[in-house]
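Each remark here refers to the structure printed beneath this line.
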Protein chains: 2
Amino acid sequence: MAAYLIRKLEHFAVLSDDDKRALQLAASYRIRHVAAREDVIREGDKPRHVNLMLEGYACRSKSLEDGRRQIVAFFIPGDICDACMFMLKQMDHSIGALSAVKLAEIPGEMFLDMARNSPVIAAALAWNALVEEAIAREWTLNVGQRSAYERMAHLLCEFFVRLQAVGLASGGGCELPMTQAELADALGLSTVHVNRTLQELRANHLITLRGKTLVIHDLPALQEAGLFSPTYLHLERGGHQSAVVV
Amino acid sequence: MAAYLIRKLEHFAVLSDDDKRALQLAASYRIRHVAAREDVIREGDKPRHVNLMLEGYACRSKSLEDGRRQIVAFFIPGDICDACMFMLKQMDHSIGALSAVKLAEIPGEMFLDMARNSPVIAAALAWNALVEEAIAREWTLNVGQRSAYERMAHLLCEFFVRLQAVGLASGGGCELPMTQAELADALGLSTVHVNRTLQELRANHLITLRGKTLVIHDLPALQEAGLFSPTYLHLERGGHQSAVVV
DNA sequence: CGCCATTTTGAGTAACTTCAAACTATGTGG
DNA sequence: CCACATAGTTTGAAGTTACTCAAAATGGCG
């Protein structure tokens, strides 16, 4: 149930069998299915529990009154969409399903108890939160400084590497569930320009993208094109393992 | 010593005298002064402790190999630059002083103990981290979707409101410590365009900016110009007060 | 007073947007 | 299983925002 989450956390921490059981239990307490294009939770809503991605793809987005929308994060299986956010009065963003999504709704107290009962889980969850913040910073850098071409290459690299980290990318390819319009919202570009940028990546023999299937022909070259370096994902172990969660 | 931090945390939590003493103690354990334009810590360094801003202004930034730089956050007195980051092997960004800065270096274990010993502090720190994440998301929205004019207006509103929250903005103005080049790096614009955008805001009688002094003549109008709504700063109490920190 | 950093101005340009339409998949009901 | 509707992708052409380069003006500071 929580296999992807466990796989991800193991990049940082050594989980005991008890830890894994606790995670499994939390991940199976309450399951929710959300159809593609439906919202998991909307800006303004009171967050009530922690949403853990079990299957499918989702995104976090913020909108301006006039409809302009920025996707600020993609969620893949194993991601925790809103750890600790149940502390807040209201959501400052929405979470929307990009494909059919299966998620675990973990009650806030259960989530906290899990961390309180195992220092290793607490540390792993804190690490997870730190990585998410690092990704958010990288996205700001992406949108603020990289050109359209670089931005797209970077996004594809990141998505691929993250899927790889939970075992969802086989060889040189992965599923790319979002439409070009959604890519545009994530990159701060127009759909038209996203389309042309993808064509450029194809013309340079870096990728193939047909339907929802992405094939990366030359990962090193794509990384270079996107000025991508995976260090900010902090996938290598080596840190201090102790933490507190509120 | 930790007056600004305490003032900020009190927006969310009701701190006991013991809580305040604990914060004061941590904030006075080790003090460091950093001159304007010097780095507090650099990308690639191993983070060793928690940096708490006591006085002055700083920023978090990320750079690309070719020198392009994105400022992803501004720090003002009371801000914690890198809570929990001591867990990571290396920094994925730099922290630089925008003005002369005085900060408290809090050892990781001391920081964790503070949270472990007081559930209220733990909750307040978690809330603080959530707000920082919300600000990071808003910045991505800013850079990705708003026009130069809107972006600048939004940045000025945010900076002013945050200073207000710790008592550093009197009436309709505040100090604006960064140069136009730094504003440009924060907004993903060129210096030239930042200059022209500021002139436009002045021409519309929204602000006066001379030297390092910003005066906001019409805050509601500036907010409207920047599509700014302070909800994402989560300054109003009303949440659940319990947390875990790794 | 003079130096260096910063701000300001001007002119030409590039990157990306907008609008509009055509084309291609994908899925639905008959 | 086909016909149709709809969502998504692709193309072309024109427009706009913001960038680059370069130089002049201003200001802070020793």
Side-chain angles (χ1 to χ4, degrees), chain A residues 35-38 57 59 64 66-71 96-100 142-155 175-203 207-214 225-226, chain B residues 35-38 57 64 66-71 96-100 142-155 175-203 207-214 225:
Chain A
R37 264 118 254 283
E38 297 281 309
Y57 300 88
C59 70
L64 299 176
D66 61 8
R68 279 176 283 176
R69 179 172 94 124
Q70 178 70 36
I71 291 179
L98 295 170
S99 68
N142 209 24
V143 173
Q145 300 297 327
R146 282 187 258 251
S147 70
Y149 185 79
E150 294 165 342
R151 247 180 260 187
M152 178 66 79
H154 189 279
L155 182 144
E175 194 183 343
L176 197 78
M178 51 287 210
T179 65
Q180 293 185 4
E182 285 155 348
L183 286 172
D185 284 347
L187 296 172
L189 297 169
S190 65
T191 2
V192 172
H193 205 60
V194 161
N195 185 279
R196 290 181 173 137
T197 304
L198 286 172
Q199 287 180 48
E200 214 180 325
L201 285 169
R202 283 191 272 240
I207 62 163
T208 301
L209 177 58
R210 270 170 63 170
K212 306 234 159 291
T213 306
L214 170 72
Chain B
R37 265 119 252 285
E38 296 283 308
Y57 299 89
L64 299 177
D66 61 8
R68 279 176 284 176
R69 178 172 92 126
Q70 178 70 36
I71 292 179
L98 295 170
S99 68
N142 209 24
V143 174
Q145 300 298 325
R146 282 187 257 250
S147 70
Y149 185 78
E150 294 165 343
R151 245 180 261 187
M152 179 66 80
H154 189 278
L155 182 145
E175 193 183 344
L176 199 77
M178 50 288 210
T179 64
Q180 293 185 4
E182 285 156 348
L183 285 172
D185 284 346
L187 295 171
L189 297 170
S190 65
T191 4
V192 173
H193 205 59
V194 161
N195 185 279
R196 291 183 172 135
T197 304
L198 285 171
Q199 288 180 48
E200 214 180 324
L201 285 168
R202 284 191 272 239
I207 62 163
T208 301
L209 178 58
R210 270 172 62 171
K212 307 235 159 292
T213 306
L214 170 71

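Residue numbers start from 1 in every chain, and the chains themselves are labelled A, B, ... in the order their sequence lines are given, proteins ahead of strands.
Considering only side-chain atoms of B/Arg196, the nucleotide from C/dA11, D/dT9, C/dC16 that sits closest is C/dA11. Here the side chain of B/Ser147 is nearest to one of C/dA11, D/dG8, D/dA18, namely D/dA18. If you check C/dT6, C/dC16, D/dT9 against the side chain of B/Arg37, the one that comes closest is C/dT6. Proximity note for A/Gln199 (side chain, C-beta onward) versus C/dT9, D/dT11, D/dT9: the nearest is D/dT11.
For the pair A/Leu198 and A/Ile207, the minimum side-chain heavy-atom distance is below 4.5 Å. Looking at heavy atoms from C-beta onward, A/Glu182 lies in side-chain contact with A/Arg69 at the 4.5 angstrom threshold. With a 4.5 Å cut-off on side-chain heavy atoms, A/Leu209 and A/Gln180 do not count as touching.
Whole-Å rounding puts the B/His193 NE2 to C/dA15 P distance at 17 Å. Atoms NZ (A/Lys212) and C1' (D/dG8) sit 8 Å apart, rounded to a whole Å. Here the P atom of nucleotide D/dT17 and the CZ atom of A/Arg68 are 12 Å apart, to the nearest Å. Atom-to-atom, CD of A/Gln180 to C1' of C/dA25 comes out at 12 Å; the value is rounded to the nearest Å. Computed from coordinates, the A/Leu201 CG to D/dT9 P distance equals 15 Å when rounded to whole Å. To the nearest angstrom, P of D/dT16 lies 15 Å from CD of B/Glu200. The interatomic distance linking B/Gln145 (CD) with C/dT17 (C1') rounds to 12 Å, in whole Å. What separates CE of B/Met152 from P of C/dT7 is a distance of 11 Å, to the nearest Å.
A close approach under 4.0 Å does occur between a side-chain nitrogen or oxygen of B/Arg202 and OP1 or OP2 of C/dT8. Residue A/Asn195 has no polar side-chain atom (N or O) positioned under 4.0 Å from OP1 or OP2 of D/dT9.
Of all non-hydrogen atoms in A/Leu155 and A/Asn142, the two that sit nearest each other are N-ND2, 4.4 Å. When all heavy atoms of B/Arg37 and B/Leu98 are compared, the closest pair comes out as NH2-O, 3.3 Å. Nearest heavy-atom pair across A/Leu176 and A/Leu214 is CB-CB, 4.1 Å.
No contact: A/Arg146 has no heavy atom under 4.0 Å from any strand.
Within residues 181-192 of chain B, the residues that place at least one heavy atom under 4.0 Å from DNA chain D are, in residue-number order, B/Gly188, B/Leu189, B/Ser190, B/Val192.
In this structure a side-chain-to-backbone donor-acceptor pair under 3.5 Å is present from A/Gln70 to A/Asp185.
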